Engineer: 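Below is a structure I'd like to ask you about.
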Amino acid sequence: MKLFLFWLLCLALFSLPSALYAADSPPTSLPAKAGERFKIGLALSGGGARGLAHIGVLLGLEQLRIPVDYIAGTSMGSIVGGLYSMGLTGDRLDEVAKYELHWKQLFDNQVDRSDLPYRAKQNQQRFLGLELGFNEAGLSAPAGFIDAQELLSELTKLTQGLHAEFSSLPIPFKAVATDLNEATPYLLERGDLAMALRASMAVPFAFAPVEIDGRLLVDGGILNNIPVDVVRNMGAELVIAVNIETPLTQLESNSSFISITEQTIYAALVRNSQEALQKADLVLMPDLTGFTSTDFDKTAALIDAGYQAVMDKAKLLSFLSLSEAEYSAHLAQRQARRLHTPTLLTPAFIDFTGYQRTNPKLLQEQVKDLLQQPIAIDQLQTAATKLMSLRDLEQVTYQVVERDGEEGVVFNVQEKTWGPHYLQFGLNATTTFDDKAEFTLLFHHELLNIGSLGAEWINELTVGTDYQLSTEYYQPLNVDQRYFLAPYAKVGRYFSDVYQDQRNIGEYDLRRLQLGIDFGINISNAAQLRTGFRYQDVNARLRVGVPDDEQLAIGTREEGAWQIRFDYDTLDHRIFATHGSYLSLQGNVYAEQLGAEENYQKIVAYGRHHIPLNSRVVLMTDVMFGSFLHSTSPPYEDFSVGGSDALGGFSRTEVGGSHALVMRVGTILNSPTLNKYWPAGQVRLLTMLHAGNAWDEFNQIGIGNLHYGATASLLWNTRLGAMLAGVGYTREGDLRFFLNLGNLYLRGFDFDE
């Protein structure tokens, strides 16, 4: 499935084939111009990451003092061309591409975790990337696999929110898109420059189409990937086409059906590129052998290839060069045309457009600090990101406008077209090969944006090793959503092993019903505090073991409890965190006064901290502690400290007791050798030293009887979550291989599941 989606992504214009055409001598068809230079236009083609070579081409043209009077671009060519046209120099583009843009984050849905609200951070740990939805129109899905808000945010920041006629830019510019409904190229010539660039590279399957001027637009490369005709019609007398498309491969008779189908479609598209190149006066084709349309991690090499393509043709291009004085005058004229946007703004008003389901008071609350305050324009993009914390929104843009002599900001919010009901999925599987495998599927439904305060209704079903159906109604109590109430209910069937001296003496079949209500506080977007009351009815049966064994209590228990939980999360990545902390403190007090049959207490603490040692090595430490203090709990509530995320030399439930402690320290290594041979550089080497144990009596807890050991594993970030494969050894345990799949590879002790 992943291969199929990747093929579709590549097929959709990141890698269109090209004609191998290049000019080796000055064009002879140009009319002579006595005392005047030719008006030069650039046609910049699309090609994904290969389009970064355009930056090198611009650097080379600047070095040769060749002026550029018009630019038309498609897809990545439109991004480079549009930014250059508005006034960014080649050196500035080089700096942005190499050091400021985090390409993987832009194209892999890796939103900066510091910008996510707390609840979104926790969901990110549990779910796969796929989100479906349903509404009155039925079941639906996003129009693209990649969330384009991050890309749009960066483009808006780079263009400084510019709204203008593109012909009035320092270099007149046009972006080429494709009108899906008309099946014709569409030229973007005015309006929001960032949105125009976003539309021009709306690669089908990857990005959602963009609606502009009532037209549904996608990547322009579908119909015009090398816009020679566009730049010619703008007034260019000499057109330089820069072709960075991926060439056709040479197929053999035994080629796969995927390769043959791909090449067949390419053959239908290559004709347009050939015709466009034949109409250009000069063609530059950087040598991009070995580079693919997704090689954004090779930015410097791609830029160098573009620069070298110009230097290789320096003699050919010399007839276009200006003297230093003439080129300085040209640059001065270009600079004089630059449209300067204000760097500071004091908004007299803030308005919103585009919303239908969302209460505008919720929107206003997110940006209230901007009103009547001097702010930097960059803060508007920060505000747009903050608005995206309302999870029913798909995209937020902004525009500075003047009304009745006052300046203000209008945010356009686009709600998810596939909502307000959303479906997400999770997966977790683990095995130590010599023990039973555990497998769990998670089906998650949520209805967002209920009522004026944006309540949420969440329903979950887990099936596999355990089974649970739960529902929660999350009701904010004020507009800023700081305080909330959350009534909930859970019903499930669970299986729990009981060990004594590393020997399995029983396996429980638990039927549990829980009812409860929590009051909570969201403390910024990094922490949450919840407290409340819970009632549960537990029916304990034995699948394995002797029913009259005094250590294996069976029957039905009714329990009431007061509970409190505090969570704190500042990790910068859901899997490969380089810095930050995670802390979870939880406690339950079961009391007869609350309806419990016995009085006992349960506390669980988990803490983790990441410290970068250098650019490739991260130090990770964590500690887990669980205890029933001086009380006696049912045996099926005991803690387990075996498995890959605790004591790697034991199976997951092999070491258990009423009190447990595990401490670990290790490193996460980003190895160039591993990433050279692993897909997309998404693998790390995780090595850990561990010490821990579990005890039946509180007074047995101590460091003198800990089990010591180590684990080494490969940690791979996949579309199905984190895959952890490795080996562990613990003294008094065994050498044990393990394999985990899912997003919960570091989670501490299970609390009440």
Side-chain angles (χ1 to χ4, degrees), residues 39 41-44 54 58 67-90 92-93 96 151-177 185-202 210-215 217 220 227 230-231 233-236 330-345 347 351 353-354 375-381 383-384 395-403 405-412:
K39 295 294 185 180
L42 290 183
L44 304 181
H54 292 314
L58 294 172
V68 177
D69 301 288
Y70 304 96
I71 297 179
T74 298
S75 196
M76 185 60 78
S78 74
I79 290 181
V80 175
L83 295 176
Y84 192 71
S85 293
M86 68 167 286
L88 273 66
T89 64
R92 176 62 181 141
L93 285 174
V96 167
L151 172 62
L152 183 60
S153 296
E154 289 297 333
L155 291 176
T156 302
K157 182 167 65 176
L158 290 170
T159 60
Q160 299 178 319
L162 182 66
H163 288 67
E165 293 282 342
F166 301 162
S167 60
S168 66
L169 297 178
I171 302 175
F173 169 72
K174 290 186 180 181
V176 181
Y186 186 73
L187 301 183
L188 295 158
E189 306 174 85
R190 63 184 60 83
D192 185 338
L193 179 57
M195 187 61 76
L197 304 183
R198 156 79 174 87
S200 181
M201 71 161 299
V210 176
E211 186 173 351
I212 296 178
D213 301 332
R215 298 172 180 267
L217 304 177
V230 176
V231 76
N233 292 334
M234 292 171 69
H330 167 76
L331 293 180
Q333 291 177 351
R334 186 193 298 179
Q335 181 67 21
R337 287 170 53 88
R338 186 164 184 175
L339 302 177
H340 294 281
T341 55
T343 57
L344 291 175
L345 172 71
D351 286 340
T353 61
I375 59 171
I377 293 297
D378 287 350
Q379 289 180 253
L380 295 179
Q381 191 52 55
Q395 182 174 280
V396 178
T397 59
Y398 64 86
Q399 183 176 0
V400 178
V401 299
E402 185 174 327
R403 184 185 302 165
E406 295 181 317
E407 281 191 320
V409 182
V410 175
F411 289 95
N412 180 266

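As the structure is a prediction and not an experimental result, all values here were calculated from the model.
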Engineer: Could you state the interatomic distance from CZ (Arg334) to CG (Asp69), rounded to the nearest 0.5 Å?
Structural biologist: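 So the gap between those two atoms works out to 8.0 Å.
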Engineer: Hey, which of Ile79, Thr74, Val210, Leu155 is the one that makes side chain to side chain contact (heavy atoms under 4.5 Å, CB included) with Met201?
Structural biologist: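 Going through the options one by one, the only one that passes is Ile79.
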Engineer: Applying side chain to side chain contact (heavy atoms under 4.5 Å, CB included) to Ile71 and Leu169, what does each step give before you reach the verdict?
Structural biologist: CA-CA 11 Å; Ile71 297 179; Leu169 297 178; over 6 Å; no
Engineer: Rounded at 0.5 Å granularity, tell me how far NZ in Lys39 sits from CE in Met234.
Structural biologist: 12.5 Å
Engineer: Taking all heavy atoms of Ala177 and all of Leu188, pick out the closest pair and write down the distance.
Structural biologist: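 Nearest heavy atoms, Ala177 then Leu188: CB-CD1, 4.0 Å.
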Engineer: Please determine whether side chain to side chain contact (heavy atoms under 4.5 Å, CB included) holds for the pair Arg403 and Val410, giving the CA-CA distance in whole Å, both sets of side-chain angles, and the decisive distance to 0.1 Å.
Structural biologist: CA-CA 11 Å; Arg403 184 185 302 165; Val410 175; 4.1 Å; yes
Engineer: Taking all non-hydrogen atoms of both residues, which atom of Leu345 and which atom of Glu407 are closest, and how far apart?
Structural biologist: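 Answer, listing the atom of Leu345 first, then Glu407: CD1-OE1, 3.2 Å.
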Engineer: Can you measure from CE (Met195) to CG (Leu217) and round to the nearest 0.5 angstrom?
Structural biologist: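 Result: 10.5 Å between the selected atoms.
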Engineer: Hey, is the main chain of Leu151 close enough, under 3.5 Å, to the side chain of Glu154 for a donor-acceptor pair?
Structural biologist: no
Engineer: Could you check whether any side-chain N or O of Ser167 sits under 3.5 Å from a backbone N or O of Pro172, counting only pairs where one atom can act as donor and the other as acceptor?
Structural biologist: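 Looks like no, no N/O pair under 3.5 Å.
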Engineer: Is any side-chain heavy atom of Leu339 less than 4.5 Å from a side-chain heavy atom of Met86?
Structural biologist: no
Engineer: Examine distances only and state if a side-chain atom of Ser200 and a backbone atom of Ser75 form a donor-acceptor pair shorter than 3.5 Å.
Structural biologist: yes
Engineer: To the nearest 0.5 angstrom, please state how far the CZ atom of Phe173 sits from the CG atom of Leu193.
Structural biologist: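 Answer rounded to 0.5 Å: 6.5 Å.
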Engineer: Could you report the tightest heavy-atom contact between Ala199 and Ile212, atom names first, then the distance?
Structural biologist: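 Heavy atoms only, the tightest pair is CB-CD1, 4.0 Å.
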Engineer: Locate the shortest heavy-atom distance separating Val231 from Leu42; write the atom from each residue and the value.
Structural biologist: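 Nearest heavy atoms, Val231 then Leu42: CG2-O, 3.7 Å.
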Engineer: Roughly how far apart are Arg198 CZ and Gln395 CD, rounded to 0.5 Å?
Structural biologist: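 With rounding to 0.5 Å, CZ (Arg198) is 6.0 Å from CD (Gln395).
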Engineer: What distance separates Tyr84 OH from Ile171 CD1, expressed to the nearest 0.5 Å?
Structural biologist: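 Reported value, rounded in 0.5 Å steps: 5.5 Å.
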Engineer: Which heavy atom of Ala175 sits nearest to which heavy atom of Ser78, and what is that distance?
Structural biologist: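 Nearest heavy atoms, Ala175 then Ser78: CB-CB, 4.1 Å.
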Engineer: Could you go through Tyr398 and Gln381, starting from their C-alpha distance and side-chain angles, then the distance that decides it, and tell me whether this counts as side chain to side chain contact (heavy atoms under 4.5 Å, CB included)?
Structural biologist: CA-CA 8 Å; Tyr398 64 86; Gln381 191 52 55; 3.3 Å; yes
Engineer: Looking only at non-hydrogen atoms, find the nearest pair between Phe411 and Ala383 and report the distance.
Structural biologist: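 Nearest pair, atom of Phe411 first, then Ala383: CZ-CB, 4.0 Å.
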